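These notes concern the structure reproduced below.
Keep in mind the model is a prediction, meaning the values are calculated, not measured. In the text below, chain A, chain B and the rest are named by the order of the sequence lines, each starting its count at 1.
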Protein chains: 2
Amino acid sequence: MYTIKEVAEKMGVSEHTLRFWAKSGFFPFVKRNENNIRMFSEDDLNWVKIVKCLRSVGTENKAIKKYIDLCIVGDSTISERYKIIQATKQKALQQMEELKKQLDLLDFKEKFYQNLIENNLEDTWNPMNQNKVKNKAV
Amino acid sequence: MYTIKEVAEKMGVSEHTLRFWAKSGFFPFVKRNENNIRMFSEDDLNWVKIVKCLRSVGTENKAIKKYIDLCIVGDSTISERYKIIQATKQKALQQMEELKKQLDLLDFKEKFYQNLIENNLEDTWNPMNQNKVKNKAV
DNA sequence: GGTTGACTGAGAGTTACTCTCAAGTTTTAA
DNA sequence: TTAAAACTTGAGAGTAACTCTCAGTCAACC
């Protein structure tokens, strides 16, 4: 059993955020000890893990709560939960594509600046230098 | 030259956000026409592109403004800008790793539910079924 | 000449934290 | 054994980055 601080360290989520998530109803199974302190079980850690996963791919808290409520209802909601996970995965794949594109742009920019530095060139792409003839740039 | 609406469509950023970014000083070179309407040039579109890129990898607006201010200063800040782009790229690469991990978890979950559905099994991972013996699950 | 449609800025509202605080326990240290 | 340090708690204020609503201006069409 783990206190909120231990969970925060273990899972890489701040204590504040964990309390906020708890208040949002994301951990309906976390028990309190005799001093009203939350004690997270191993199973609860898995809930933290899946909540963290859903959040990190941009799922809204409202939708996460919905998913958790479906879990609470029980086995009759398995196919609905399956669809949610499927859709979330598709969204994550799209994000991967988008991130790749942005990485390409950052890579281009990096090499562009590198070239300017190594060859002591002017930044002809910068609008401040609009009057100057451009070298190969975005 | 493009109006804010056209830029919004072209770049996949809402008009609201573009106005917000403009007010934040992200487009210091966008001119207005005789009716006070913002007209974006091709160069301005590239600024939108780089701002969108920095935002999408989690760069704070304050830091974006700083980068833009460095651009305005001119060529003397090239090496500083180079460092910013390098650091941003590293952050993006980390995000890629994180996203891969989350995708793996979603993939596992997807297959897990698929197995439950196909074989008509109980969701023994769900804390609601804690009393039952677990099948292979997270 | 009146309505439609695009644009404007100001400002209120929203999401998801993030931080501060006072109050209660508990462990450590003198 | 008592005082201080180290936890935890919930309430509530603050923040970032939008997101939306609205009143007002202006040009263009019927």
Over how many whole Å does the gap from A:His16 atom NE2 to C:dT20 atom C1' extend?
8 Å

Among A:Tyr2, A:Phe40, A:Trp47, ring-ring contact (aromatic ring centres under 6.0 Å, His included) partner for A:Phe27
A:Phe40

Acceptor/donor pairs from residues 97-104 of chain A side chains to any protein atom, 3.5 angstrom cut, sequence neighbours excluded:
| unit_1 | atom_1 | unit_2 | atom_2 | d |
| --- | --- | --- | --- | --- |
| A:Glu98 | OE2 | A:Gln102 | NE2 | 2.6 |

For residues 53-65 of chain B, which residue pairs pass the salt bridge (Lys or Arg N to Asp or Glu O under 4.0 Å) check, not counting sequence neighbours?
B:Lys65-B:Asp69

Atom pairs under 3.5 Å, N or O on each side, protein against nucleotides 1-6 of chain C: can you list them with distances?
| unit_1 | atom_1 | unit_2 | atom_2 | d |
| --- | --- | --- | --- | --- |
| C:dA6 | OP1 | B:Lys5 | NZ | 3.2 |

Does a side-chain N or O of A:Arg38 approach OP1 or OP2 of D:dT8 to a distance below 4.0 Å, or not?
no

Using nucleotides 13-17 of chain D, report all nitrogen or oxygen pairs with the protein that are shorter than 3.5 Å.
| unit_1 | atom_1 | unit_2 | atom_2 | d |
| --- | --- | --- | --- | --- |
| D:dA17 | OP1 | B:Asn61 | N | 3.0 |

To the nearest angstrom, the OH-P distance between B:Tyr2 and C:dC7 comes to 15 Å

Just checking, any donor-acceptor pair under 3.5 angstrom between side chains of A:Arg81 and B:Tyr113?
yes

Starting from C1' on D:dC18, measure out to CD1 on B:Ile64 and report it in whole angstrom.
13 Å

Between C:dT8 atom C1' and B:Glu15 atom CD, what is the distance in whole Å?
11 Å

B:Leu18 and B:Ile4 have their tightest heavy-atom pair at CD1-O, 3.7 Å

Within the side chain of B:Asn119, is there an N or O that forms a donor-acceptor pair under 3.5 Å with the backbone of B:Leu121?
no

Nearest-Å distance for atom pair CZ/P, residues B:Phe27 and C:dT8:
12 Å

I need the CG-P distance between B:Asn33 and D:dC26, as an integer number of Å.
12 Å

Scanning both residues in full, the closest heavy-atom pair of A:Ala92 with A:Val57 reads CB-CG1, 3.9 Å

Taking OP1 and OP2 of D:dT21, is either one under 4.0 Å from a side-chain nitrogen or oxygen of B:Arg19?
no

Roughly, in whole Å, what's the span from CD in B:Glu34 to P in D:dC26?
12 Å

Hey, which sits more toward the 5' end of DNA chain C by its nearest nucleotide, A:Asn35 or B:Lys23?
B:Lys23

Separation of A:Leu18 atom CG from D:dC7 atom C1', in whole Å?
16 Å

Taking C:dT8, D:dC20, D:dT9 as options, the one with an atom nearest any side-chain atom of A:Arg32 is D:dT9

Any pair with a residue in residues 7-16 of chain A that passes side chain to side chain donor-acceptor pair (under 3.5 Å), sequence neighbours left out, goes on the list, sorted by first then second residue, please.
A:Ser14-A:Thr17

All ring pair (Phe, Tyr, Trp, His ring centres under 6.0 Å) counterparts of B:Tyr82, not counting sequence neighbours:
none

